[in-house]
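In what follows, every heavy atom counts, from backbone to side chain, and hydrogens, waters and symmetry copies are set aside.
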Amino acid sequence: MSGFRTIIPMEAFDGGLNNKYEPIILEHNESPDCLNVVFDDLGGVQTRQGYTVLNTAAIGSNPCDGLYTANWNNGNQSMLAWFGTDMYVLSGTTFQTVPSAEGVYVTGTAKNAVMYQNVVFIGDGNDPAYKYDEEVFTRHGIEQASQVADGGTRTSAGTLAGDYNYAVAFVNTQVVAGDISTGSVTIVASAAGESVLLSGIPVPPQSYGVDAKWLYRTIEGSGVSGAYYFVSTLPVSATTYTDSIASSALGVEAANDQGKPPPYEFCITHQERLFCNSSQDPQYLWYSDLGNPFVFTSTNFILIADGDGEKITGLGVQGNSVIVFKENSVWVIYMPGTDDTQWVRVKSNAKYGCASHRSILEYEQQLMYLGQQNRKITGWYAFLGNTTEPDVTALRVTTMFGDAKSDRIEPDVFLFQNAYKDKVAGLIFDNKLWYSVTYGSGQTTNNRIYQFDFVRRSKSRKLGSWVPFTGIEANAFTVYEGEIYFGTSQDDGFVHMANDGTYTDNGSAIDSYYETKEFDGGEKWRHFEKDFRQGEFTVATLGDWLMQVSWILDSDKGVGNAQTIDLNPGGSLWGSMVWGSDTWGGGQNRIDARIDLYGAGKRIAFKFSNLNTAGSGFKVARGNCYYNRRGLR
């Protein structure tokens, strides 16, 4: 039967990287080696798009410690960036320092932000945390004054008679008051009736975010430990006040336990509360009062531990539960309602903890995260389940677990630098998860992207495909005005727009290639020798440049043989052609390009490449390989 012409069809290339298993046994659409490519809905593979610098002037010589887009109630968007010790807001193509946000941060610490009630809350593990409302940048919590006044005198013509104690509380721009001052002042008025003139009322620093001061007073004779009632609202700048209000005319009693949030690294919002970790008490989950993100009552915490000594490393939300990631475990705070007395804390069946809060991404009712065990990176996992309602009798969640998602790229995962795992950052954009990691021995900054295309499906029905990107060095991501941006991990002070429609990384070439699995003709013809004759590939005519197709026989260690394909679409468009020298026509969007193969073997693999050339890319939709079958060897 020698000489029988046989076809090896290559119907799709969208299985992504699989470098854990031998190229011979991969699925037909998987690749043992690919770089800087993406996939389309028909299974084609193509060069990824490049990026362009956003800000025309560098923000000092610092890496980007955080990037966040605030969507304000008025319809505006603000891109916020953290470089060095300052916070910046984008204006056109320039980042401007946010007033009062200068010199308040520590360079090199990750800045994590969340938005609630039209306010951005920012944590980095240092005390205090801060907030921003598009106009002012101030402390997250409401500070407590140490004194109400440095003195007071009696004046004639008033209604007061007896001993009175005064205190003051600071009020933020959202009209929420903190605790009354730790110190008070006692004034004794005569029995005949007088007024009290308080002086030296404190003026708080601008960073406290105080919009007003509320003055409080006790009822005569109740002493320092008596209840304090509202007297008057004072301007922030006021240092004196004359009081002649009868006790019967006083307002409501002062609130107490108006605590500040702990110094937190990361924060999320759920069921009208903020939830955060504590850099001081790393096993405690703290939460704000209901509907009040500025006050954390002293009892608003949950100890997430069973004596394991693990610190909280990340937070997420799934269904009606807050998911608490720790170093070696994942916990669920089941919340049937907003009443915190009904919440249930249970440990999930997930076998791996979380390496970085910024790696936690929600997609298709799952939480993807970079996992770790014994503080060493193990891969990506999707925390998922049909329900979050626990068996409260057994105090467990049997239907929620961590599903491994990166076993096919395990050799790469083991090259992630464990010392910099907390720098791993991720974002979801256009049905793809983008993760930036520190890859390779001796590397100290994020230097590689791993993109997970979760809508791809292999023939085994396994969802998702992974592809590594080089050339993109990112510390943080955000989506702004519908485009994806990243802040640099290098000391150059820049933010870039990715997916910019070009095939260059800010002018540099993109090294883009894709290798197919080794095709052997299927189980029936696997052990037969073959004369490979021709390859045919449907390629997009992207521009006036070349792509290369190489082929390798029988797992040869060399580079194989290669031919180029001209991707010039041909033809000329109206208004651009030159009559008499150009050919009239619009050209072709794609062509079926044939290459002549030579050589004999049992297996063949192909490699598509843009020749690592700036401004050049390739797109291959499908292919066929033709061979003549020889005898059994």
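A side-chain donor-acceptor contact under 3.5 Å links Lys111 and Thr109. Side-chain polar atoms of Asp412 and Asn19 form a donor-acceptor pair below 3.5 angstrom. In this structure, a donor-acceptor pair under 3.5 Å is present between the side chains of Asn126 and Asp124. Using a 3.5 Å distance cut-off with no hydrogens or angles, the side chains of Asp33 and Tyr513 do pair a donor with an acceptor. A donor and an acceptor atom, one from each side chain of Gln417 and Thr444, are nowhere located under 3.5 Å apart. Between Gln372 and Lys421, the side chains place a donor N or O and an acceptor N or O closer than 3.5 Å (distance only, hydrogens not considered). In this structure, a donor-acceptor pair under 3.5 Å is present between the side chains of Asp500 and Thr502. A donor-acceptor contact under 3.5 angstrom links the side chains of Ser329 and Trp331, judged on distance only. Side-chain contact of Thr85 with Thr107: a donor-acceptor pair under 3.5 Å is absent, judged by distance alone. Looking only at atom types and distance, the side chain of Glu265 has a donor-acceptor partner in the side chain of Asn277 under 3.5 Å away. Arg48 and Ser512 share no donor-acceptor pair across their side chains, judged by distance under 3.5 Å alone. Using modelled atom types, one finds a donor on one side chain and an acceptor on the other under 3.5 Å when comparing Asn36 with Thr470. Thr445 and Glu473 are not linked by any side-chain donor-acceptor pair at a separation below 3.5 angstrom, with hydrogens and angles left out of the test.
Taking the six-membered ring wherever Trp is involved, the centroid distance between the rings of Tyr485 and Tyr51 does not fall below 6.0 Å. Checked against the 6.0 Å centroid threshold, Tyr264 and Phe121 do not count as a close aromatic pair. You'll find the ring centres of His28 and Phe519 inside the 6.0 Å limit.
In summary, of the residues considered (Phe452, Tyr369, Tyr450), a side chain to side chain contact (heavy atoms under 4.5 Å, CB included) with Trp380 occurs for Tyr450 alone. Evaluated for a ring pair (Phe, Tyr, Trp, His ring centres under 6.0 Å) with His357, the options Phe325, Phe266, Phe275 yield exactly one hit, Phe266.
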(Q) Show, in sequence, the C-alpha distance, side-chain angles and deciding distance for Phe606 and Tyr514, and conclude whether the ring pair (Phe, Tyr, Trp, His ring centres under 6.0 Å) test is met. (A) CA-CA 8 Å; Phe606 294 93; Tyr514 179 95; over 10 Å; no

**Q.** Chi angles and distances behind the ring pair (Phe, Tyr, Trp, His ring centres under 6.0 Å) call for His140, Tyr130
**A.** CA-CA 4 Å; His140 179 166; Tyr130 288 90; 9.8 Å; no

Q: Could you walk me through whether Tyr598 and Trp551 pass the ring pair (Phe, Tyr, Trp, His ring centres under 6.0 Å) test, one step at a time?
A: CA-CA 9 Å; Tyr598 48 87; Trp551 68 95; 5.3 Å; yes

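Here the side chains of Val539 and Arg590 are not in contact, with every heavy-atom distance at 4.5 Å or above.
At least one test fails for Arg408 against the ring of Tyr21: distance under 6.0 Å to the centre or angle within 45° of the axis.
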